[in-house]
Amino acid sequence: MNYSYSSDEDDKPLVFKRTSAADKLKHSGQLKSASSADKLKHLGQLKSASSADKLKHSGQLKSASSADKLKHSGQLKSTSIVNREKPSTSTKPKPPAKQESDTEDSEDDKPLSVRISTVPKTNSNHAKTGPVSASQRPKPQVKNEDSDDKKPLSSKFTSVGPSVKKTDDSDDDDDDKPLSARVKQNGSTSRDNNNNQLNKIPNIGLNKRPPNEERLAGQSSVKKPKLSDSEDENDHVPISQRMKKQTPSGSKPSSSVKQKVVKVNSSSFKKTFKKSNKFEKKSKYSKSSKVPPGSGEGQKWTTLVHNGVIFPPPYKPHGIKILYKGKPVDLTPAQEEVATMFAVMLDTDYMTKPVFKENFWNDWRKILGRNHTIQNLEDCDFKPIYDWHQREKEKKKQMSTEEKKAIKEEKMKLEEKYMWAIVDGVKEKVGNFRVEPPGLFRGRGEHPKMGKLKKRIRPSDITINIGKGAPIPECPIPGESWKEVRHDNTVTWLAYWYDPINGKDFKYVFLAASSALKGQSDKEKYEKARSLKKYIEGIRKAYTKDFINKDVTKRQVAVATYLIDKLALRAGNEKDDDEADTVGCCTLKVENVEPKPPNILKFDFLGKDSIRYQNEVEVELPVFKAIQQFRSGKKGNDDLFDKLDTSTLNAHLKELMPGLTAKVFRTYNASITLDDMLSKGTTAGNVAENVVVYNQANKEVAIICNHQRSVSKSHTAQMMRLNEKIEELKGVLEELETDLARAKKGKPPLKGSDGKIKRNMNPEALQKKIDQTYAKIEKMERDKETKEDLKTVALGTSKINYLDPRITVAWCKRQEVPIEKIFNKSLLAKFAWSMDVDPSFRF
DNA sequence: AGCCAGACTTGTCTTTATGGTT
DNA sequence: AACCATAAAGACAAGTCTGGCT
């Protein structure tokens, strides 16, 4: 039986029901006609026409009527009981509980930390472990079921465009229509082309990030190296250490049985792409062939049609003058434009950064000219422009709903054509079709280039990539033209330009995450991570052995791999001097890792985005000793792993498993942890309880990956408000208790605190009220706790990038949790490829 | 082997939309 | 309707990793 979600309307919860394969097709977008739906039938044994019909309107996952919801009941539910320790904020992260799996690779599915039975007290926890999987690119041995995976997703779900052969033609009567009319849409907001009422109108405006009102001292838009600890009790504990310990629960994962995921592919497509499969299978150890998903020889698409990119509107001078030494100064529009970029940032923390001002001044001065009245930044007062900008913002806010709507529509009309591309006959959303507007570079952390002028991008900066034979997008700015037009079907970008700040970097325009192309590679990513499960045991054995290898390089590789596996560190590529000084595993400095005898390593460094990573971990003695050796004789700023860089490390990893690289461990760790925690923590509880379990697992993953967020400005205030409410309720409670006591004695209630006379209630009614109030208080207390708990933890990143959606979808099916309780619209669209997973899927 | 161009994923923050209250 | 808290969407910076060249 094939379980899948289906739905009838966008706003209804997706529901789980036994259904035909039609649902699988949903993500391919909106089917416009019944016949379109029919076309899809062959793809996945569509069982009922009605299911297919559901897909017609609206774009993608529609939800089933509520009646349908939860149809399949339960015997799938797991009865395991959550038995986890109270998530104390204790400092030590705990390893996920160990579970005995019924599978062969018993030990290996567990997180490393568990296996290592490390320190009881400092629980080193994080690492996870796992099994293996076949990777896609260099396809290692792939299981049969996976065979389809190599094909482009799009081929699976759609009947393709012009060049691709149609699999099923019988029902297709679209051929006579213009291509655009036949195209199917992919993407969540898909709607009919012609009438797109809905889109969001992004603010076209000049500056996308208007300054905020005053920020609290501690909190600025400039990212400072984040400390995971702040004053609160909890906060002194680095996020990475905050994992809760969990005790093993009684539940056992039902082994990592690999499910046969039902494929939707049509056989004809299989054939089409077969060769790459074969090739990959064989070349277990060959370097990953560039052969991408799906097609031969690196081909990513066959036909590609799109309309290019849209540019921000030209600068509109406002005429507000800044003051120089107290006097208004006339500026040309170009000079004013740049001054405005700065003025608008007056209330950000960038203003406290000399580097920012210095860089800004240097670039602005070039525009002012050497002999300009303005000779230094210190004597400039940008307040008038700042104030003007605030007023403009306010005005905008004050606009009536209708006005806003009108503006939005207007913008939509303008942008509509840029929002979509047609890839192999399928209409797909474009991710970022808006060219970045000029502005001041907002580098994160202590970026040496912050404040530099990011110049306006013009058509002559842009290279377009489009299918041969497709109409070349018209250049939206009259009189100008594209830099170049290419027809490269080995890449997925639609356009790019050189990053004005770092001339060697590119800014690409890609398809949106909901596209089949992205979905395909996402799936491959998870399959690769899954395949690591099968290799992990061997890999761990190997590096453990090498902790004491006489060859320093090998020892370093072993220790580095260990850290990446256990702590989910990033690889750590080399960085230039003109970038913020951050590190990853291979670039750790001596000062970033402090050995604390007998066997604790204390990590403290700035990682990606200058987010601070702090953690104390207990490690095996040989690792501890090795680290000591690597440090000896070096200065604090020297590389800890001096014999290593990411290419040597990854080259080594590739020998252990085809396609293996450092980042696969992060994916693996995250997903296996989710799978693990869900299977352990899941009870037969109701939906709300299950959602809590899920979020708890999600949080654990976020902590492992050190996904942080800054505390919201209003956090403290919000907490206070919550506290007040709780206090208030407690007051009510007391009063009720008194009244109850009196009522039992037949006395009337006392006057309320407000002096009002309450009406007489019988004890039962009072008791009921008391119970309700209690429940309310408890709920609020829980909410408060959760809020505090998550104030620095970002759950979204792992959900979007690290957690195999199939784990979530399968679990939702098993637990009868509507999938949209977990995935929002974007995620549903992005993960459309995973919706048909078998409920028994395990990572 | 090291360097670098190139392409694509990951990550945080800001802005906007949404939904619940008052 | 105004308000505000939260969630979703959008923006864009910052990583990873590959492959080709020297």
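In what follows, every chain begins at residue 1, and chains take the letters A, B, ... in the order their sequences are listed. Computed over heavy atoms, backbone and side chain alike; hydrogens, waters and symmetry mates excluded. Small disclaimer: the values here were computed from a predicted structure and weren't measured.
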A:Val664 or A:Phe441, whichever maps to the more 5' nucleotide of DNA chain C: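 Closer to the 5' end of DNA chain C: A:Phe441.
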First of A:Asn650 and A:Gly431 reached from the 5' end of DNA chain C, by closest nucleotide: A:Gly431
No-H, no-angle donor-acceptor pair, A:Lys663 side chain to C:dT16 base, under 3.5 Å: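 There is none.
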Tell me what [X] touches on the nucleic acid: a base, only sugar-phosphate, or nothing, going by heavy atoms under 4.0 Å.
| X | answer |
| --- | --- |
| A:Phe823 | nothing |
| A:Lys449 | nothing |
| A:Asn573 | base |

Below 4.0 Å: OP1/OP2 of B:dG11 and any side-chain N or O of A:Gln708: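 For A:Gln708, the contact criterion (side-chain N or O under 4.0 Å from OP1 or OP2 of B:dG11) is not met.
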side-chain N/O A:Ser647 vs B:dG2 OP1/OP2, d < 4.0 Å: no
Ring-ring centroid check A:Phe441 A:His447, cutoff 6.0 Å: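 Yes, the ring centres sit under 6.0 Å apart.
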Criterion ring-ring contact (aromatic ring centres under 6.0 Å, His included) against A:Phe506, the qualifying member of A:Tyr496, A:Trp493, A:Trp497: A:Tyr496
Over 12 non-hydrogen atoms of neighbours within 6.0 angstrom of NZ in A:Lys589: yes
Among B:dT12, C:dC17, C:dA13, the one nearest A:Thr661 by side-chain distance: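 Of the options given, the side chain of A:Thr661 lies nearest C:dC17.
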A:Arg570 vs A:Tyr508, nearer the 5' end of DNA chain B by closest nucleotide: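 Result of the comparison: A:Tyr508.
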Along DNA chain B (nearest heavy atom to each residue), the more 5'-positioned of A:Phe506 and A:Ser798: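 That would be A:Phe506.
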